[in-house]
2 protein chains.
Amino acid sequence: MQQKHVLIVEDEAPIRDMIRFALERADFSVAEAEDAQSARLAIADHLPDLVLLDWMLPGMSGAELAREWRRDELTQNVAIIMVTARVDEDDRVRGLNIGADDYVTKPFSSSELIARVRAVLRRSLPGGEDECLELDGLSLDAASQRVSAGADAVRLGPTEYRLLRFFMSNPERVYSREQMLDRVWGQNVYVEERTVDVHIRRLRKALAPHGFDKFIQTVRGSGYRFSSKSL
Amino acid sequence: MQQKHVLIVEDEAPIRDMIRFALERADFSVAEAEDAQSARLAIADHLPDLVLLDWMLPGMSGAELAREWRRDELTQNVAIIMVTARVDEDDRVRGLNIGADDYVTKPFSSSELIARVRAVLRRSLPGGEDECLELDGLSLDAASQRVSAGADAVRLGPTEYRLLRFFMSNPERVYSREQMLDRVWGQNVYVEERTVDVHIRRLRKALAPHGFDKFIQTVRGSGYRFSSKSL
DNA sequence: AATTTGTGTGACACATCCGTGACAGCATCA
DNA sequence: TGATGCTGTCACGGATGTGTCACACAAATT
């Protein structure tokens, strides 16, 4: 399964670290935020698959934050697990009514946390959005993992597919090799940066018969960009 | 979605009440029974879409009851979720061999229960009775549990049948082995992921004489896809 | 022009994934 | 009791994808 991205929203640094450690160990990619404001920034930067949201935050409470996200088109499908110190049944019910998918009460073991994270992600998967990307004749359907150039199908390896998928969801923007490794390969794998070049080449070669290799543009000294405009 | 009818078979009244409350809150219609005898009456009165069946019952055990229903033409398509206090791996395996669709172990949260009920119903949703799937010459009739390729009948084992049924209900979409285990085998069953491959093979072999094995496509690194389109 | 820096390309060893046949455990039925 | 059919697991081999390297080539810098 593809690596999942989790955002931790928690004001106490030690707990944050513990959670991050457990998640990374279980091969999730992790982002952190310590309050509502930084959480918004983190979400804007990279939409997570799941948010671990502390109930009590300085300033705006986690509950309000959750309600805010549930109202927003962009974030309403992101899974939310509430993290709370309270044992009150009231809070649990309130949390679930707000739209949290699950809750964990402190103190919790890291294995319990991971189990719940996995369960929630698995549950939200099958109904996942039927993402269908299209750009100027080149189209990619996430549900069937099919890529077609005009009428013809394009045959891609797993990494090439993920790379193209990343490009097509983020066109018209330059990414460094490091950024691409983080987001296509996963953030705690170490591979040479030049490996990106090789996969770019393979992807270009696969798209070439239909002329779509022009969409992948080299920006010397910076990285690559995906665009239908030739420039 | 139409309102679904659930029968609770459970001898302890408090647990029955808890389950009834959770189910009605989630907008299911509910019937209750406290032993095998009253369960038979309840079923005769109104055929449920799903039965929550306690493992231990006074007199006849839930397991025997399940076996009885699975043999009967009328009841064999009714989904069954076993409810058990035991954590024994043995019982889980035995229960699933009997034909239960899923398992819940006490104690369980009401949200977990609802989630599982929904999952099982979703799995067997499209039709329940008169479901008849057809794709490009390959057809599956849920009522008679018969599969035919063109004019010829195809002989399938139970798991192969459920697998094909799952595929035909969800074509043109890639599923991971984990997702397939969840939806074809049941949610908390632990079997090796490679087991999926073996059943894929058996299903392919059964479909091969008519050329329909091409419909099951391997998506390397991700899982499988069912589609009449070649690639 | 010569040098330096960055990128394209082909090759290759290696890891991973998947198809396949075999097998033992189990339930069912004669 | 033995025969049969179904299931989950394993081991093996082949197919495919992967990361890295060396070298060719292009662009910027001197």
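Naming: A, B, ... by sequence-line order, numbering from 1 per chain.
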Engineer: Between A/Thr218 and C/dG6, is there a contact of a side-chain N or O with OP1 or OP2 at under 4.0 Å?
Structural biologist: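 So the side-chain polar atoms of A/Thr218 never come under 4.0 Å of the phosphate oxygens OP1 or OP2 of C/dG6.
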Engineer: Is there a side-chain contact between A/Tyr224 and the phosphate of C/dG8, meaning an N or O under 4.0 Å from OP1 or OP2?
Structural biologist: yes
Engineer: Suppose we call two aromatic rings close when their centres sit under 6.0 Å apart. Are B/Phe166 and B/Tyr175 close by that rule?
Structural biologist: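 Yes, the ring centres sit under 6.0 Å apart.
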Engineer: So, does B/Thr159 get its side chain near the phosphate of D/dT7, meaning an N or O under 4.0 Å from OP1 or OP2?
Structural biologist: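 For D/dT7, OP1/OP2 do have a side-chain N/O of B/Thr159 under 4.0 Å.
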Engineer: Any salt bridge between B/Asp11 and B/Arg16, counting N to O under 4.0 Å?
Structural biologist: no
Engineer: Is there a side-chain contact between A/Trp185 and the phosphate of D/dT18, meaning an N or O under 4.0 Å from OP1 or OP2?
Structural biologist: no
Engineer: If you check the B/Glu192 side chain, which of D/dG19, D/dT9, C/dG19 turns out closest?
Structural biologist: D/dT9
Engineer: With respect to the phosphate group of C/dC18, does any side-chain polar atom (N or O) of B/Arg201 fall under 4.0 Å of OP1 or OP2?
Structural biologist: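 Answer is no, no contact under 4.0 Å.
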Engineer: Side chain of B/Lys205 only, please: which of C/dG21, D/dG19, D/dG17 is the nearest?
Structural biologist: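 Given the options C/dG21, D/dG19, D/dG17, the side chain of B/Lys205 is closest to C/dG21.
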Engineer: Pick the closest DNA chain D nucleotide for B/Thr195 and for B/Pro158 by heavy atoms, then say which residue is nearer the 5' end.
Structural biologist: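 On the 5' side of the pair lies B/Pro158.
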Engineer: In this structure, how many angstroms lie between the P atom of D/dG17 and the CG atom of A/Leu163, rounded?
Structural biologist: 15 Å
Engineer: Round to a whole Å and report the spacing from CZ of A/Arg155 to C1' of D/dA15.
Structural biologist: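 Rounding to the nearest Å, CZ of A/Arg155 and C1' of D/dA15 are 10 Å apart.
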Engineer: Determine whether any donor atom in the side chain of A/Arg202 lies under 3.5 Å from an acceptor atom in the base of D/dG19, or the reverse, and answer yes or no.
Structural biologist: yes
Engineer: Can you establish whether the number of heavy atoms outside A/Glu178 located under 6.0 Å from its atom CD is more than 12?
Structural biologist: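 Result for CD/A/Glu178: open.
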Engineer: Does D/dT16 have its OP1 or OP2 closer than 4.0 Å to a side-chain nitrogen or oxygen of B/Arg220?
Structural biologist: no
Engineer: In whole angstrom, give the distance that lies between atom CD1 of B/Ile200 and atom C1' of D/dT9.
Structural biologist: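 Computing the B/Ile200:CD1 to D/dT9:C1' distance gives 17 Å.
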Engineer: Check whether any side-chain N or O of A/Arg177 sits under 4.0 Å from OP1 or OP2 of C/dT7, and answer yes or no.
Structural biologist: yes
Engineer: Please tell me whether A/Ser227 and A/Glu172 have a donor and an acceptor in their side chains that are separated by less than 3.5 angstrom.
Structural biologist: yes
Engineer: What is the ring orientation for A/His5 with A/His46, classed by angle as parallel under 30°, tilted 30 to 60°, or perpendicular over 60°?
Structural biologist: parallel
Engineer: So which one's nearest nucleotide on DNA chain D is more toward 5', A/Gly157 or B/Glu160?
Structural biologist: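 Nearest nucleotide further toward 5': that of B/Glu160.
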Engineer: B/Asp197 has an atom CG; how far is it from atom P of D/dT9, in whole Å?
Structural biologist: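 The distance from CG of B/Asp197 to P of D/dT9 comes to 12 Å, rounded to the nearest Å.
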Engineer: If you take atom types as modelled and just measure distance, does the side chain of A/Arg194 reach the base of C/dG8 with a donor-acceptor pair under 3.5 Å?
Structural biologist: yes
